[in-house]
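What follows is a short report on a single structure.
Chain A is the first sequence line, chain B the second, and so forth, proteins listed ahead of strands; every chain is numbered from 1.
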Amino acid sequence: MNDLVAELKTTPAQVTEACAQACQMMAPTWPLDRSIAVNPHWQRVGRPVLEVAARMAVLAGIQVLPTRAYISEAWQSGRISEADLSWALQQKLPHSASLTPKQCIEALSRPQTLPRLPLLIDVLDDDPARHKRLSWRQAVTHQVSQTCAAYFDEHQADWQPQRDEGLYAFWRDTLQHDHGIGLLMGLPHLKQGLSALPATREDAERWAMQRLGLPTEVWADYLEAVLLSINGWASWCAYLGWQAKLNGEAADKAQAPLRDLLAIRLAWGALLLECKDDKAARQAFEAVQSEWRQAKAVLAHAQARLLVDEVWQVALEAGYQRQLAQLLTSQAKQPKPATTLESPQVQAAFCIDVRSEPLRRALETAWPAVQTVGFAGFFGLPVAYTPLGTTARRPQLPGLLAPTLDVLDTGPDAQAMVQARQNRFAWSEALQTASRWPAAAFSFVEAAGLGYLGKLGRWLAPGHNERPRDDLAGMPTRYRPLCCPALTGLSTEAKVSSAARVLHAMGLDHDLAPLVLLVGHGSHSTNNAHAASLDCGACGGQTGEVNARVLAGLLNEPDVRAGLQAKGLSIAPDTVFVAALHNTTTDEVEVFDADALPESAQSSWAQLQTALHQAGDQVRRERAPSLGMDAQADAASLFKAYRRRANDGAQTRPEWGLAGNAAFIIAPRARTRGLNLGGRTFLHDYDVSHDADGSVLELLMTAPMLVTNWINWQYHASTCEPARFGSGNKVLHNVVGGKLGVFEGNGGDLRIGLSQQSVHDGVQWMHEPLRLTVVIDAPRAAVEAIVAKHTIVRQLLDNEWLHLWRIDDAGLQRRVHGQWHGLEALQ
Amino acid sequence: MDQWAVFSASLASNLAVALALVAPALALLVAAWAHTGQVSSTARLWRAVQGVIWAGLIASAGAAVSQAISPAQTAWGGLLALTPLSATLALLVQGLAGVIASFSGRYLQGDAQGLAGQRRYAAALAGVLASVQVLLLADHWLLLIAAWAAVGACLQRLLCFYADRPFALLAAHKKRLADRLADILLLGAAALAWQEAGSGSLSQLAQHVAQQASQGAVSLGLQTSAVLLVLAVVLRTALLPVHGWIIQVMEAPTPVSALLHAGVVNLGGWVLIRQSSLIEASPVARWLLVGMGVITALLAGMVMMTRISIKVRLAWSTVAQMGFMVMECGLGLYTLAALHLLGHSLYKAHAFLSSSSVVQQTRLQQLRGQTMPATWSLLIAPALTLAVVASIQALFALMSIHSWPWWWTVVLALAWAPLLWAPAHAQAGRSIAMVLGAGTALVAGLAVLATLAHTLPFGLNEAPFGAAGWLVALAMGLMYAALVVLQRWPQALSAWRRWSYAGFYVDEVYTRLTLSLWPARWTPRKTKQQDAWAPSSSLMAAQD
């Protein structure tokens, strides 16, 4: 073996760099209680989609583009037309020059089988008795996964391990004291190999890479493949790194957990090598080396083979885009006054979330004097919130940002409220203790087990209860309505500038209606580990309640009003801001702190209530068929059915979340008002005439546009690669660490992404894997200036991670490789 | 025809047993229909299954009432019997099955296996239910063994609901082995007992044993039979070291876990109570029960505290709880064991069904905050709980309500001591007095509840086993000491934690042993092998 090692001239710096580079490729995954959508390819957007698809396939057998089975069905059902296909072929010129429609159609009948480059563990695990034990890949994944879980868990285990050192040291210590893994893997001599295990992560990386003897140019790729074999935990470590960076920690320190994980997985490969005899080891080396030496050719081969799948991806998108283009241009051609409101009686600002669109449409229909506005659901307030009398501080803003402001609950007698809450907590804590410790639980079930009869009975018939308010848990009913979140520790001046900034960004710094509703959103589901993923992503996987109430409170403050007036932003004295929450599961709108409404607003208020009820009913009817509910039922019973669904702990599909999302329209509402966009579009208001310096547009293209890309690709990836980028079958979910994530079944890797039940109704996919079409109503120059300024935006566009269109009165244009073309060919 | 005439005559005179037979008969019918009949939709399937279960529940309730009015009857030549406890358990199991069927019907909506899959599921669920009900009624060794085997066979189909999951198949394989071994042991126990008593009837066996015991000596054959029975129960209730399969069946839908943990694994407790007179006759059997039970309770309890995923934690908790229940049977505290059986079933079924709520629970826990207990309170808490529990016991004794032996009071005091741990640092608004007040009230409440529950008329004859009892109290003292060390000086136990986290490696040995002794193809044939790998040249060449 010495000659193999001798070939190498590895320097520590090279190893470190390759490891860092591989770690750079992992996208984060947020914990379940703060679950937000993430594009799992986010760190790879510097490469074109097609290249990433090829790399994922070759490195880890991961499917990036829609499967052929999916496309085949879309083709046969007519969802993809011949026109779509030929349009797509044209789009992919010159690469697609050698492809004919016939070849594309033929390809659909063959499954796509691409070569995958092996990891050391794959070629080592070759002994004939391997069917009588766990495969090594499974066993190693299991061991690494259990170790990670023990290391990162803070909430599930009552008996926590010592973990003063890093993950690598913890793992090494665990493995060195393990007496079972060798037995399970059929490696009785594993113990001896363990003595070779280096003490530090850096040494382990070097040790493994040296033993492997791969050409340096494929190192980073090999290492990425290694990380992808434990993708779930790698994503978790990437999340820790992401948070550390937001907190201002140095890059290498932030990356430490992920680097540790990589070293662990690498060391495992080298360890297994120690357990093999020289001949077997040599054969394994040769196999791995000969495969990876031709990595470039294999990648090129895969990319060539995937071209046809990319053509089909474009064809699938064409069908939707054609409809969208027709809708938008029909609107553009209509005379303006029909869709613009001169002086609305109510303005209602909703989150850009696709679930807002149907409700906005319905509300405007129910009461045409309402003007709705789309804005990111955290209402531009980068806050962290701490519920009253607790220390459970949590961010309420997009995952790209770190909170800079703090929100606390206020109330007329905060001290008494805290006291009352703590008293109740003391009781519930005692009850928890009774079933927490083993011996206590033994006798607890004998004494109190019969009490669970009632709890069990409740599974039989879910009630119609309203959305539970966990933040108020333990708060006596009499105090609940008195609790109101507000910004803390901020001077009036700072408040005024925050208020001015938000109003400007929302386009509400002029022509305000007398009543302005700020509508956050949240979901209502029961016994759902992934409940937060149905809440507002812009609020960090929480409901938008806190942000909406804080902003409404801020804008109603007389001092702030006066300050705004001084800044030249005048709000009529009788204008009032009211916070509300759109319950996306039941389509009710909950209103907060409305008792303080002045007399002047009362009549609008009453009318608005009626309109909201009507609108909710309309949306519930619209959604009913997709949920298997009766759209013809009378309003009250349909509403009750939705409430029951929300309270049903056995319901794996409380709502469809953002399934179906396909476009993001950044334009005045007039461009879309009255159009039925089918709940598939994010809508952000933007009026170029009030954005002279282009700063608002810049914000939109660098924040909400990225967030929508994350959402869009999460759904895309969970649909196309449910096994690796989806969390699998919900009925098997097993929550890890109280909130870290889930296992599917006993164990295996941590699962990330959306469950099968979130994107599939049992008969068909509820999400179409389309890349987002972003439509912006802004001059070409303004858009191009921002593209030129921001690398990330340029990468998303040039590497085809989203489509960019422009709209103006003349019609639509799309951006292709830096050029703007008309859309006539598509229409 | 003759036999049928005898049977129907005997049933008519034994209304309670006849009513009790309605539930399993209906369940069998619906199982057969789900399996082979004309089922047009999942909605109809689940409506029918639920309807049948609730109808069975009404019949079971009727059985319980008639049993209470005219107790202690056997039917069909001593093949079937109904006791107050079995009537209660029948109600429990039927109710649980109803909840689980209702939950499953909604939970599996839109499952990838479609109607065919859900038919298999519903049939197996009804099959488990029918078998459990027959087991509860069995008054004959052969019926008991057959029913218990049938429970396992039907459950097997539920555990392998996703037949493409290798670990589901592996766990099922391990369970099958344990089950077959248990069958053999049970047959051995039955043969010995039959030979001695001259009949396969359990009631007659009990009489026979009582007769021998009153004469001072129970024969070796009966004692051996008792030991074999105990070993079979150990296998069936997943005690250490044969617990592995129950930890690994998270590969089936959540309600299957609820059914298994709440309605199936604890049947061993029922069989022990049913056969109590046989077991009391053999000190070896009793010591085995107490010993294996207490070791399982302690070790599995330790492991439970180290678990990082909710369902696996719940599974280890079941193992520990089963150990405790079996131990109670060995100690002759049958009423407590019965209460444990009932209470744990309800508790664990709910815990499994709501296992996805753990994320919400964690959030609420964070609101409440975590506190370290003060060292002084760790040390005096057992004395305080002892005072509370003992006073309540004394109070009830004044009213001539006697519950359990004094050593059991010590066990309870040690168990509930954590409720009286005072925080080392009082949180804003939550004083130490408040915490201790709530804890004391809860301990008192639990003690009252336990005493009251103890008065439920199950018609069981306690046979406290004092010598073992004090040993158990000592073991619980050890457990408490371990908890104290764990709270204050966790580093002292880090090696012990490592062993606990590994489940003491018991299952690794068992798994390897099963696979080498009785190899099975447990990797499914048709799944996409993620780790399958082929040289890229072959693939590239094949397609170009």
Side-chain angles (χ1 to χ4, degrees), chain A residues 32-33 115 118 122 132 135 137 149-150 153 155-159 162 177 179-180 183-184 298 301 390 392 418-419 422 425-427 429-430 433 437-440 442-443 445-450 452-453 455-456 459-460 470 473 527 529 650 731 734-739 743 745-746 761-762, chain B residues 99 102-103 106-107 110 167 248 250-251 253 301 304-306 308-311 320 324 339-340 343-344 346-347 350 353-354 356-359 362-364 366-368 412 415-416 418-419 429-430 434-435 438-439 442 446 449-450 479 494 497-498 502 505 508 512 515 519 531 533 536 539-540:
Chain A
L32 294 173
D33 63 337
D122 303 325
K132 287 192 186 170
S135 89
R137 223 182 220 255
D153 165 40
H155 298 282
Q156 182 65 65
D158 294 312
W159 188 0
Q162 306 292 116
H177 291 94
H179 307 280
L183 194 63
L184 271 186
V298 176
H301 165 83
T390 74
V418 171
Q419 183 68 50
Q422 289 297 339
F425 279 166
W427 281 98
E429 204 45 36
T433 309
W437 305 109
F442 297 151
S443 299
V445 300
E446 284 168 20
L450 290 176
Y452 282 83
L453 205 57
K455 287 195 169 198
L456 263 183
W459 292 107
L460 289 172
D470 287 348
N527 195 25
V731 309
N734 180 8
V735 176
V736 182
K739 59 178 200 172
F743 289 152
N746 293 336
D761 74 350
Chain B
V99 171
S102 160
F103 189 98
R106 285 171 282 147
Y107 203 51
F167 288 100
Q248 289 153 9
M250 308 313 152
E251 301 278 314
M304 175 193 105
M305 289 192 287
T306 65
I308 43 81
S309 68
I310 180 67
K311 286 183 177 175
F324 194 78
L339 284 174
H340 192 280
H344 176 258
L346 297 168
Y347 165 75
H350 177 71
L353 295 182
S354 62
S356 286
S357 305
V358 67
V359 180
T362 304
R363 167 174 279 204
L364 296 179
Q366 281 176 296
L367 289 182
R368 290 195 298 269
L412 288 181
W416 289 332
L419 290 171
R430 203 187 312 170
M434 185 66 222
V435 171
L442 196 61
L446 286 172
L449 277 176
M479 179 83 176
S494 65
R497 194 211 74 94
R498 236 183 256 119
Y505 305 107
E508 276 85 346
R512 281 295 286 191
L515 285 179
D531 41 353
W533 166 81
S536 56
L539 273 171
M540 285 161 73

> B:L364 versus chain A, heavy atoms under 4.5 Å apart: side chain, backbone, both or neither?
Replying inline: side chain
> In terms of heavy-atom pairs under 4.5 Å with chain B, which of A:T433, A:L456, A:D153 leads?
Replying inline: A:L456
> Under a 4.5 Å heavy-atom cut-off, does chain A meet the side chain of B:R497, its backbone, both or neither?
Replying inline: both
>> Quick check for you: among A:G180, A:A448, A:A392, which has the greatest number of heavy-atom pairs under 4.5 Å with chain B?
In response: A:G180
>> Please rank A:G737, A:S443, A:G762, A:A149 by heavy-atom pairs under 4.5 Å with chain B and give me the top one.
In response: A:S443
> Can you find a pair of side-chain heavy atoms, one from B:V358 and one from A:Q156, that are under 4.5 Å apart?
Replying inline: yes
>> Once rounded to the nearest 0.5 Å, what's the spacing between atom NZ of B:K311 and atom CZ of A:F743?
In response: 12.5 Å
>> Please classify the contact between B:Y347 and chain A as side chain, backbone, both or neither, with a heavy-atom cut-off of under 4.5 Å.
In response: both
> For chain B, which of A:H179, A:K739, A:Q162, A:K455 has the most heavy-atom pairs under 4.5 Å?
Replying inline: A:H179
> If every non-hydrogen atom of B:L367 is compared with every non-hydrogen atom of A:D470, which pair is closest and at what distance?
Replying inline: CD1-O, 3.2 Å
> How close do B:Q366 and A:D33 get, heavy atom to heavy atom, and via which atoms?
Replying inline: OE1-OD2, 4.0 Å
>> Need one label for A:F442: side chain, backbone, both or neither, based on atoms under 4.5 Å from any heavy atom in chain B.
In response: both
> Which heavy atom of A:A150 sits nearest a heavy atom of B:I308, and at what distance?
Replying inline: CA-CG2, 3.8 Å
> chain A heavy atoms under 4.5 Å from B:T362: which part of the residue, side chain, backbone, both or neither?
Replying inline: side chain
> Going by heavy atoms in the side chains, are B:L449 and A:L450 under 4.5 Å from each other?
Replying inline: no
>> Tell me whether the rings of B:H350 and A:W459 are parallel (<30°), tilted (30 to 60°) or perpendicular (>60°).
In response: tilted
> Which heavy atom of B:E251 sits nearest a heavy atom of A:G745, and at what distance?
Replying inline: OE2-CA, 3.4 Å
> Which bit of A:E429 is near chain B, if near means a heavy-atom gap under 4.5 Å: side chain, backbone, both or neither?
Replying inline: both
>> Can you tell me which portion of A:H155 sits under 4.5 Å from chain B's heavy atoms? Options are side chain, backbone, both or neither.
In response: side chain
> What option among B:T306, B:L353, B:L339 has the most heavy-atom pairs under 4.5 Å with chain A?
Replying inline: B:L353
> How many angstroms lie between atom CE of B:M304 and atom CG of A:D158, to the nearest 0.5 angstrom?
Replying inline: 6.5 Å
> Looking at A:A426, A:P438, A:G449, A:A430, which has the largest count of heavy-atom pairs under 4.5 Å with chain B?
Replying inline: A:P438
> Of the backbone (N, CA, C, O) and the side chain (C-beta and beyond), which part of B:A320 lies under 4.5 Å from a heavy atom of chain A, both, or neither?
Replying inline: both
> Is any side-chain heavy atom of A:V445 less than 4.5 Å from a side-chain heavy atom of B:F324?
Replying inline: no
>> Please classify the contact of B:S357 with chain A as side chain, backbone, both or neither, using a heavy-atom distance under 4.5 Å.
In response: both
> Which one, A:L32, A:D761, A:T390, leads in non-hydrogen pairs under 4.5 Å with chain B?
Replying inline: A:T390
>> Testing the basics here: between B:S309 and A:N734, what is the closest heavy-atom pair and its distance to 0.1 Å?
In response: OG-ND2, 3.2 Å
>> Using 0.5 Å steps for rounding, measure from the CE atom of B:M434 to the CH2 atom of A:W427.
In response: 6.5 Å
> Given a strict heavy-atom distance threshold of 4.5 Å, which part of B:R498 is in contact with chain A: side chain, backbone, both, or neither?
Replying inline: side chain
